[in-house]
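Within every chain, numbering begins at 1; the chains are lettered A, B, ... in the order of the sequence lines, protein sequences first and strands thereafter.
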2 protein chains.
Amino acid sequence: MFEARLTQGGLLKKLVEAVKDLVTDGNFEATEAGISLQAMDTSHVCLVALQLRGDGFENFRCDRNVTLGIQLANLSKLLKCAGNDDIITLKADDQPDVITMTFEDPKTERFADFSLKLMDIDSEHLGIPETEYSATIRMPSAEYARICKDLSSIGETVAISATKEGVKFSTSGDVGTANITVRSNTAADLKPEQQTTVELGEPVALTFALRYLNSFAKAASLASQVQLSMTKDLPVVVEFTISDMGHLKFYLAPKIDEDEDMGDEVGES
Amino acid sequence: MFEARLTQGGLLKKLVEAVKDLVTDGNFEATEAGISLQAMDTSHVCLVALQLRGDGFENFRCDRNVTLGIQLANLSKLLKCAGNDDIITLKADDQPDVITMTFEDPKTERFADFSLKLMDIDSEHLGIPETEYSATIRMPSAEYARICKDLSSIGETVAISATKEGVKFSTSGDVGTANITVRSNTAADLKPEQQTTVELGEPVALTFALRYLNSFAKAASLASQVQLSMTKDLPVVVEFTISDMGHLKFYLAPKIDEDEDMGDEVGES
DNA sequence: ACGTCTCTGG
DNA sequence: CCAGAGACGT
């Protein structure tokens with residue numbers, strides 16, 4: 001028996017909306033510890049890793065580990081039927097064919113229950129090595145989203161360079177070029193979620209496809225801050241912390257023909 | 001001479017928007033008593049009946065009964081030219097070729113008049129027998145709209161079952177199944193328009209095509225509540241009261257292969 | 001998948 | 001009254 005009750009149903013809605021454009025289906029693994037999902041995106045370019053700890057739920061029970069193979073488009077459909085303030089309860093048998101979701105509107109006398117057929121999905125669970133990153137940037141997630149959106153109207157890739165002064169996002173395209181710089185800013189009068197920090201081993205500059213960074217930005221409503229962890233030649237980790245519950249991480253490999261210096265140039269194709 | 005002046009022009013706009021997807025054209029019958037329209041939908045599956053009493057208008061005059069055969073798509077086009085707060089005046093001769101509409105914006109000094117060509121439309125005015133219904137449900141129209149919309153992302157038909165405890169809407173489809181229950185709720189602290197009531201002779205459960213119920217839901221902005229009247233093997237009546245003026249009723253026959261009991265099962269195909 | 005438009009909340 | 005989010009259409 002697996003059962004998880006989440007008062008903040010809107011959280012689950014947002015999670016699925018943030019992930020479903022990238023990943024069509026995936027195995028949600030429920031264990032005593034919580035729920036996790038790891039999946040490559042459709043084009044096998046980036047990796048999505050979600051972790052929700054059981055103790056973040058109002059109730060969490062998982063007698064035996066279960067694998068819930070879910071088509072995210074369908075899950076999204078069902079979750080559209082839940083209100084943002086609904087209490088959502090997930091249930092599954094030990095050998096489940098379906099997952100059952102109950103939506104309660106705490107204010108009105110409305111109850112809805114939905115069952116979703118599960119699928120057998122080939123999973124390729126990758127071990128992700130723990131790494132020390134050369135640079136770890138924390139910034140407001142809304143700012144991250146804004147920058148990715150703005151830059152993608154100019155170019156298709158972005159060079160992100162981290163120095164101790166801050167971060168620079170650079171792109172170029174037919175229209176012209178763009179550079180957006182965010183300085184480290186930890187002024188005491190700034191709310192923590194508005195701060196930008198760069199934790200630096202050594203300066204790094206990597207180039208990524210904006211298309212994916214933009215997809216990741218859909219998770220911005222889940223967390224006020226986003227964390228970008230970068231090391232030369234390794235995938236960037238774009239991480240959103242889900243408060244008191246876990247995290248949603250996106251991994252994306254850099255463009256290989258990366259320019260190595262920290263100059264103004266963006267690698268032109 | 002027929003002339004009717006309506007301060008709340010938005011009402012007419014909403015009415016036509018609510019009906020035009022179902023009915024392509026219809027005869028509006030103007031009499032001393034008011035205006036009425038009765039028409040089958042294009043696929044001859046459901047019936048639309050509109051009644052607007054003359055005393056609901058600011059001015060109403062109808063010297064002789066006139067039949068105004070109107071293509072609703074065209075009427076809709078013209079009404080798009082009226083503001084929601086415009087005063088709309090309808091005029092027609094005793095033997096009219098056209099109906100004339102005047103739109104006045106009470107705030108600005110703007111006047112517009114449009115005339116719409118009338119059509120000869122075969123009408124099949126049905127007498128609808130007055131029936132005692134087994135169950136009469138009243139609920140917030142927004143809730144009705146929400147339920148129909150939500151369920152239609154899962155299945156194509158819905159089983160509506162009324163018991164003294166409340167109403168249950170059930171569907172199933174490829175993705176899974178869904179049940180939404182609304183309890184009778186007449187708590188005194190609930191605004192009348194938020195209440196749900198079930199007036200029950202005997203329990204009824206009928207199955208309908210969601211497609212039509214969804215069309216009916218377009219009328220939800222006309223009235224805060226909707227009334228569903230059901231009797232076994234008879235069409236459901238989905239009624240929106242237009243305050244101080246009349247009503248808009250939709251009739252839809254149930255699916256014949258209806259399951260007779262009140263159980264949890266939804267008829268699977 | 002993107003952009004537009006509508007509706008809801010602040 | 002303005003801004004942000006969600007739904008719908010291309």
Can you tell me the distance, in whole Å, between the [atom1] atom of [X] and the [atom2] atom of [N]?
X: B/K149; N: D/dA7; atom1: NZ; atom2: C1'; answer: 8 Å
X: A/K80; N: C/dC7; atom1: NZ; atom2: P; answer: 18 Å
X: A/E17; N: D/dC8; atom1: CD; atom2: C1'; answer: 14 Å
X: B/N214; N: D/dC8; atom1: CG; atom2: P; answer: 10 Å
X: A/N84; N: D/dA7; atom1: CG; atom2: C1'; answer: 13 Å
X: A/L11; N: D/dA5; atom1: CG; atom2: C1'; answer: 17 Å

Quick one: side chain to side chain contact (heavy atoms under 4.5 Å, CB included) partners of A/H125, sequence neighbours excluded?
->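 For A/H125, the residues satisfying side chain to side chain contact (heavy atoms under 4.5 Å, CB included) (neighbours in sequence not counted) are A/Q38.
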
Could you list all the ring pair (Phe, Tyr, Trp, His ring centres under 6.0 Å) pairs where at least one residue sits in residues 209-228 of chain A, not counting sequence neighbours?
->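 Listed once each, the pairs are A/F216-A/F250.
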
Residue pair B/Q71 / B/T24, side-chain donor-acceptor N/O under 3.5 Å =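 There is no such pair between these side chains.
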
Applying side chain to side chain donor-acceptor pair (under 3.5 Å), run through B/S170 and B/N179 and close with a yes or a no.
-> CA-CA 4 Å; B/S170 308; B/N179 298 285; 2.7 Å; yes

Between B/Q195, B/E193, B/Q225, which is the residue that forms a side-chain hydrogen bond (donor to acceptor under 3.5 Å, both in side chains) with B/R138?
->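 Result: among B/Q195, B/E193, B/Q225, B/Q225 is the only option passing the side-chain hydrogen bond (donor to acceptor under 3.5 Å, both in side chains) with B/R138.
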
Polar atoms only, N or O, under 3.5 Å: list the protein pairs with nucleotides 1-4 of chain C and their distances.
unit_1 : atom_1 : unit_2 : atom_2 : d
C/dA1  : OP1    : A/D21  : O      : 3.3

Do the side chain of B/T177 and the main chain of B/S172 share a donor and acceptor less than 3.5 angstrom apart?
->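 Here the side-chain-to-backbone pair does not exist.
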
